[in-house]
Amino acid sequence: MAQDQVITRFAPSPTGHLHIGGARTALFCWAFARKHDGRFLLRIEDTDQARSSEDAAKGILEDLAWLGITWDDGPDFTSDGGTGVTPVRVGGDPRNIGPFYQSQRHDIYNPYFEQLLDAGVAFPAFDTPEQLTAMRKAAESEKRSFIYRRAADFDHAAALERAKTEPHVLRLHMPDTAITVHDQVLGEVTFPHAELDDFVIRKTDGYPTYHFAVVVDDARMGVTHVLRGQEHLNNTPKHIAIQNALGLPTPAYAHMPLIFNPDGTKMSKRDKDKAAKIAVKEAGITTVAELIDRLPQSNRAHQEPILRTFNDTDLAAWLKDKQRQLGRDQVSAVAQALDLTLPEIDVEDFRAAGYLPETLCNFLALLGWNPGIKNADGTDLERFDHAFLASNFDTDRIGKTQSKFDRDKLLAFSADTIQHTLDDATFATLWLEWAERFDEALASWAHNDTTRWQVAVAAARPRAKTLRDARTALAFAFIETDSITYDEKPVNKFLLKGEPTGLDTLADLRTAIASIDPWTPDAIDSFLQAYTQEHSIGMGKIAQPLRIALTGTGVSPGLGHTLTLVGKETTLARIDRCLNTLRQ
RNA sequence: GGUCCCGUCGUCUAGUCAGGUCUAGGACACCAGGUUUUCAUCCUGGUAACGCGGGUUCGAAUCCCGCCGGGAUCACCA
């Protein structure tokens, strides 16, 4: 029966990229709908014209699609999937319940206002903002909270007459009873009438307030279950009051616990600005020129103009004022100048950081929910995919306690997925999708040098924690030989000490290596193997000197892979340079 | 401050609704050891929690009360 079908919704305001907390809300709404063979709808709440933007709305659609959270009713959307490899088409309005942008629904609300006005449940109010502020202040000085109430001798007819000519808002007159929310997570929560005021349902400009719009929209769209963050719990009695006044059904509510930073603060977009500010202060930087100076050469052309969008005065003002924030691009440019990794807050941040959507959703699902299932070996089942969620998720196992976002655990999930679950081919596809969006140099390998790309995949995957991490581990293959600097510690340990010294070994190796053919990982590895036996020395004796010569550090993938990625000619050149530089 | 929500290892949690099988299990992190050409893996072991105080009961992580602590919210923003 159609009426019994579960319908959930996610209704973000488009004020920026999708926040990680919003992603979890969306995921739970989606999973609940899938579990119950219902529908999941997406509505964009863009009535706040000042803060909303078309771009942000698009970004949110893109973020959701990337996460694999697809909506049945909502804005039409085709994701290019970064590369167009996996275009996803979602949305549409098969039930004829749109539009899904709230700003386009303005006229829908009028009959509902009329209904309430006629019933005398809604009433015009003429208080100015100044008057309201004064009333609040008065209440505060008397140490009681301010509750707006319609006057006892209120004359409805007179007010309607006055409303014809004077600017006014519409308020809902709250019935004199407590309101109980039957929450699927928290149980029964009762709000006393003394706390419920006659709140605004239509603003002076004629637009409905958020409370009114959600209730009407949810009802008209057939929403049966509202899953949202616990910050909305206090709004719920208002929504129920509107439903009661309008004679609309009350959906089932489930308020889920909030997600916080490890330090207990709220996860917010401000965290990135805060981190950048602290880093600039600690570096003792006071001028924009200093920042530009520290920009890595590789990205200078792109980032410098962004940094030039503010001057030293702006910088000083920003550093001094905790409230003051830089733009998204500016913060990111500052971070690059300081080689600082910004905390990931939005879905887009995690995408850029090289997390897989499946992994991110898995981790997110565990924040406030748990399947409560054991594996055969007695450990808790906590690794699962979308399909598992879609068939196992329900509100009865949503927890009540707020949780902190533990990046270490997310990173462990990510590493486990990449290293133990994916095969090279799947990893290669995902890595390329990522590179197309975030790393041109890497993407060009995939397109221009298939052999080398495959070696890169084989070298990077077994040791990568994220897609970005995989790229970082191969950084040595992207640099110029002349720009290599040698780490002091490994140089001392592996090149300068011992008898013969590492440098001597390296010099001998240089000649031998020149004869390797073909230049492939397997051939190189077996050659080096044979070399160690011939000279009866441990692999460590040649591996570390070679690593330092090729990468400047003592860390790299296996030698076969490392040498192949660098290339034969460059390998020899780097050994020469290392010998020349360190043998003085 | 009012109202509301929450309180199990450092973190996410299982166990709580239907009190005993809990000398509280798992995962991440951390520590120690082992394997390994570095890194990363992998293997073995270890540290570590029922916020506090009362009550009910033969028996409380689980039920009740108080306290303490954390959080949300108090707009013509959503």
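Every chain is numbered from 1 and lettered A, B, ... according to where its sequence line falls, protein lines coming before strand lines.
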Looking at B:C76, B:A40, B:U37, which one has an atom nearest to any side-chain atom of A:Leu559? B:U37
Between B:A32 and B:A48, how far apart are the two C1' atoms, rounded to whole Å? 15 Å
Assigned partner base of B:G59, Watson-Crick or wobble definition, under 3.5 Å: none
N-O pairing of A:Asp346 and A:Lys269 below 4.0 Å: yes
What about A:Ser556, does its side chain sit under 3.5 Å from the base of B:C39 through a donor-acceptor pair? no
With a 3.5 Å cut-off and heavy atoms only, can you find an N or O donor on one side and an acceptor on the other between the side chain of A:Arg463 and the base of B:U41? no
Would you confirm whether A:Asp198, through its side chain, and A:Met174, through its main-chain N or O, come within 3.5 Å as a donor-acceptor pair? yes
Could you tell me how far apart A:Tyr101 (OH) and B:A78 (C1') are, to the nearest whole angstrom? 17 Å
Could you give the distance separating B:U62 and B:G46 at their P atoms, to the nearest angstrom? 28 Å
Against the side chain of A:Asp380, the closest entry in B:U3, B:C76, B:G25 is B:G25
Is there a donor N/O on one and an acceptor N/O on the other, under 3.5 Å, for the side chain of A:Asn375 and the base of B:G26? no
Interatomic distance, A:Phe146 CZ vs B:U3 P [rounded to whole Å]: 18 Å
Interatomic distance at P, B:C31 relative to B:C67, whole Å: 42 Å
Determine the interatomic distance between C1' on B:G15 and the same-named atom on B:C50; round to the nearest Å. 10 Å
Would you mind reporting whether A:Thr553 and A:Arg547 have side-chain heavy atoms less than 4.5 Å apart? no
Gap between atoms CD and C1', on A:Gln544 and B:C39 respectively (whole Å): 9 Å
Below 4.0 angstrom from OP1 or OP2 of B:C12, is there any side-chain N or O of A:Arg24? no
OP1 or OP2 of B:C6 less than 4.0 angstrom from a side-chain nitrogen or oxygen of A:Lys400, does that happen here? yes
Taking only N and O in the side chain of A:Lys374, is any of them less than 4.0 Å away from OP1 or OP2 of B:G15? no
Counting heavy atoms from C-beta on, name the nucleotide in B:U41, B:U73, B:C5 closest to the side chain of A:His420. B:U41
With a cut-off of less than 4.0 Å, is there a side-chain N or O of A:Arg202 near OP1 or OP2 of B:C76? no
Should A:Lys203 be listed as having a side-chain N or O under 4.0 Å from OP1 or OP2 of B:A78? yes
When rounded to whole Å, the CZ to P distance for the pair A:Phe413 and B:U13 reads 12 Å
What's the closest nucleotide to the A:Thr204 side chain, out of B:C28, B:C6, B:C76? B:C76
Which base, if any, makes a Watson-Crick or G-U wobble pair with B:C4, both distances under 3.5 Å? B:G71
Starting from P on B:U73, measure out to CD on A:Glu140 and report it in whole angstrom. 18 Å
What's the gap between B:C65 and B:C6 when it is taken at their P atoms, as a whole Å value? 13 Å
pair_partner(B:U23), Watson-Crick or wobble, both distances < 3.5 Å, evaluates to none
Does A:His211 place a side-chain N or O at less than 4.0 Å from the phosphate oxygens OP1/OP2 of B:C76? no
Taking ring-ring contact (aromatic ring centres under 6.0 Å, His included) as the test, write out the residues that go with A:His182, two or more places apart. none
Using ring centroids (six-membered ring only for Trp), state whether A:His239 and A:His211 fall under 6.0 Å. yes
Tabulate protein N/O versus nucleotide N/O from nucleotides 16-22 of chain B, keeping only pairs under 3.5 Å, one per line.
none

Are A:Arg43 and A:Asp218 within salt-bridge range, i.e. N to O under 4.0 Å? yes
Answer yes or no for A:Arg150 and A:Phe123: cation-pi contact, defined as NZ/CZ to six-membered ring centre under 6.0 Å and angle to ring axis within 45°. yes
Whole angstroms only, please: what is the CG-P distance between A:Asp408 and B:A40? 14 Å
Does A:Arg171 make a cation-pi contact with A:Tyr148 (under 6.0 Å, within 45 degrees of the axis)? yes
Just grab all the side-chain hydrogen bond (donor to acceptor under 3.5 Å, both in side chains) pairs involving residues 462-478 of chain A, residues at least two apart or on different chains. A:Asp439-A:Arg471
Considering only the P atoms, how many Å lie between B:C39 and B:G34, rounded to the nearest integer? 14 Å
Checking all strands, does A:Thr47 fall into the base, sugar-phosphate, or nothing category for heavy-atom contacts under 4.0 angstrom? sugar-phosphate
Taking all atoms of both residues into account, what is the closest heavy-atom pair of A:Thr501 and A:Leu495, and its distance? CB-O, 3.4 Å
Side-chain N or O of A:Arg136 versus OP1/OP2 of B:C74: is the shortest distance under 4.0 Å? no
P atom, B:U44 versus B:C28: distance in rounded Å? 12 Å
Whole angstrom value for the distance that separates P of B:G71 from CG of A:Asn261: 12 Å
Mind calculating the distance between CG (A:Asp406) and P (B:C12) to the nearest angstrom? 8 Å
Separation between the C1' atoms of B:G70 and B:C76, rounded to whole Å: 33 Å
